[in-house]
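To start, the structure itself, in structure tokens.
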Amino acid sequence: MNEINPHEVYTTGETRRLLKVSESTIKRLLKKGLIKANKVGGQYRILGKEIIRVVSPTLEKEAVKSYLTLKKKVVGKINKW
């Protein structure tokens, strides 16, 4: 498992191996909300895109910038109506 699929769901153990961090580090990242996750049956599940975001925060910034630009264009069009 070398490639992270952004649409796949990972367990905390898989995430820990991908990020090459300790179990306590994963717990700390989850507790502080630095990795967004959902609990399913009492266990955390993490989307691949969250893992990619943690590894590449600049990618997230670019996505947010693109989203805000698009949102501004849409709001501009709607306000003209």
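All residue numbers in this chain count up from 1 along the given sequence.
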Query raised in the report: Does Glu50 pair with Arg53 as a salt bridge, N-O distance under 4.0 Å?
Result: yes
Enumerate, atom names and distances included, each donor-acceptor pair closer than 3.5 Å involving a side-chain atom of residues 66-81, sequence neighbours excluded.
unit_1	atom_1	unit_2	atom_2	d
Ser66	OG	Glu62	O	3.1
Thr69	OG1	Lys65	O	2.9
Asn79	ND2	Val75	O	3.3

Here the gap from Ile4 atom CD1 to Ser56 atom OG, rounded to the nearest 0.5 Å, amounts to 10.5 Å
Residue set satisfying side-chain contact (heavy atoms from CB on, under 4.5 Å) with Leu47, at least two apart, ordered chain then number -> Val9, Lys49
Those residues at least two apart in sequence (or on a different chain) that pass side chain to side chain donor-acceptor pair (under 3.5 Å) with Arg45 are Gln43
Taken in chain and number order and not counting sequence neighbours, the residues that satisfy side chain to side chain donor-acceptor pair (under 3.5 Å) with Arg16 are none
List, one per line, each side-chain donor-acceptor pair under 3.5 Å for residues 20-35, sequence neighbours excluded.
unit_1	atom_1	unit_2	atom_2	d
Ser22	OG	Ser24	OG	3.1
Ser22	OG	Thr25	N	3.2
Ser22	OG	Thr25	OG1	3.0

Please determine whether side-chain contact (heavy atoms from CB on, under 4.5 Å) holds for the pair Leu18 and Tyr10, giving the CA-CA distance in whole Å, both sets of side-chain angles, and the decisive distance to 0.1 Å.
CA-CA 10 Å; Leu18 286 168; Tyr10 296 91; 3.9 Å; yes
